[in-house]
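Worksheet for the structure shown next.
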Amino acid sequence: MKSDTTERVYDIVAKIPQGKVMTYKAVAVKAGRINPRLVGVILHQNSDPQKVPCHRVVRSDGKIANGYAFGGKVAQLTRLRKEGVVFSNAGTVDLVKSSWNVA
DNA sequence: TGTGTGACGATCG
DNA sequence: GCGATCGCCACAC
């Protein structure tokens, strides 16, 4: 039962290019002014993990999601860094340089 | 159909 | 400045 809101969330996240990350808040707002929580829930229930790089979605603090650690937050951090994402500190994404804004 | 949950954010203390 | 609690809406059971 994919509502328009959920579908929009997937579309937004799927449009995040490599080397860039997006905050839950930003996605929530662009998805239709929903709550950032819903983004986490929706991504958790995502039906297309291949099209929805949840690891590119971080918290407003730039930190990696808590429950998504599919192998450890460090693993996500390493994967993101490999894509070109810049980090301010270990486990923290530099949103100033890697924040992505939907065109 | 209704209740509970949930990968966060913001505000209160 | 840090910790804890509330709120928000969609999805699963």
Side-chain angles (χ1 to χ4, degrees):
Chain A
M1 171 175 177
K2 297 172 182 173
S3 299
D4 183 64
T5 305
T6 12
E7 189 176 344
R8 209 172 305 205
V9 173
Y10 296 137
D11 185 58
I12 293 166
V13 178
K15 279 177 179 161
I16 302 175
Q18 293 186 345
K20 295 287 179 182
V21 295
M22 208 166 185
T23 62
Y24 283 99
K25 185 180 179 183
V27 176
V29 173
K30 291 177 180 301
R33 310 294 167 164
I34 62 177
N35 271 24
R37 271 189 97 145
L38 304 192
V39 180
V41 177
I42 292 167
L43 289 179
H44 191 205
Q45 301 291 6
N46 70 40
S47 303
D48 299 295
Q50 297 180 340
K51 295 187 170 201
V52 186
C54 326
H55 62 273
R56 282 187 199 156
V57 185
V58 298
R59 292 182 43 142
S60 63
D61 295 335
K63 281 196 141 190
I64 305 298
N66 280 315
Y68 178 56
F70 58 88
K73 298 172 191 170
V74 181
Q76 298 175 48
L77 190 155
T78 302
R79 180 181 287 188
L80 289 169
R81 185 180 14 164
K82 198 171 184 178
E83 294 182 353
V85 178
V86 182
F87 291 88
S88 297
N89 293 312
T92 305
V93 180
D94 187 348
L95 297 174
V96 181
K97 295 181 180 177
S98 301
S99 61
W100 168 243
N101 174 280
V102 178

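To find a chain, count down the sequence lines: A is the first, B the second, and so on, and within it residues start at 1. Values reported hereafter were calculated over all heavy atoms of this structure, with side chains retained and with hydrogens, waters and symmetry mates removed.
Stem regions annotated for DNA chain B: B:2-6 with C:9-13, B:8-13 with C:2-7, counting only runs of 3 or more consecutive pairs of Watson-Crick or G-U type with both contacts under 3.5 Å.
Placement of A:W100 and A:L43 within a single hydrophobic cluster is found when ILVMFWY residues are connected by side-chain heavy-atom separations under 4.5 Å, directly or transitively. By the rule that hydrophobic residues join a cluster once side-chain heavy atoms approach within less than 4.5 Å of another member, A:Y10 and A:V13 end up as members of one cluster.
The nearest whole Å value for the distance from the CZ atom in A:R33 to the P atom in C:dC8 is 17 Å. Spacing between atom CG of A:N46 and atom C1' of B:dG6 amounts to 14 Å, rounded to whole angstrom units. A:D61 places its CG atom 12 Å from the P atom of C:dC2, with the value rounded to the nearest Å. B:dG9 atom C1' lies 13 Å from atom OH of A:Y24, rounded to whole Å. A:L95 has its CG atom 14 Å from the C1' atom of B:dG9, to the nearest Å. With rounding to whole Å, A:K63 atom NZ is found 12 Å from B:dG9 atom P.
With contacts defined as side-chain heavy-atom distances shorter than 4.5 Å, the pair A:I34/A:I42 qualifies.
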Quick test: give all pairs of protein nitrogen or oxygen and nucleotides 10-13 of chain B nitrogen or oxygen below 3.5 Å, distance rounded to 0.1 Å.
{"from": "B:dA10", "atom 1": "OP1", "to": "A:K25", "atom 2": "NZ", "distance (Å)": "2.9"}

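A donor-acceptor pair is defined here as one N or O able to donate and one able to accept, closer than 3.5 Å; no such pair exists between the side chain of A:T92 and the backbone of A:G62. With hydrogens and angles ignored, the 3.5 Å screen pairs no side-chain donor or acceptor of A:R79 with any backbone N or O of A:H55.
Closest contact between the side chain of A:L38 and the listed nucleotides B:dA7, B:dG6, B:dC8 involves B:dG6. Nearest to the side-chain atoms of A:T5 among the listed nucleotides C:dC9, C:dA10, B:dA7 stands C:dA10.
You won't find any donor-acceptor pair under 3.5 Å spanning the side chain of A:N35 and the base of C:dC9, going by distance alone. One donor-acceptor pair, N or O on each side, does fall under 3.5 Å between the base of C:dG7 and the side chain of A:R37.
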Working for side-chain contact (heavy atoms from CB on, under 4.5 Å), residues A:V52 and A:V57:
CA-CA 9 Å; A:V52 186; A:V57 185; over 6 Å; no
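Counting only residues at least two apart or in different chains, salt bridge (charged side-chain N to carboxylate O under 4.0 Å, His left out) contacts with residues 13-34 of chain A comprise A:D11-A:K15.
Of the residues near DNA chain B, A:T23 and A:V41, the one whose nearest nucleotide (by heavy atom distance) lies more toward the 5' end is A:V41.
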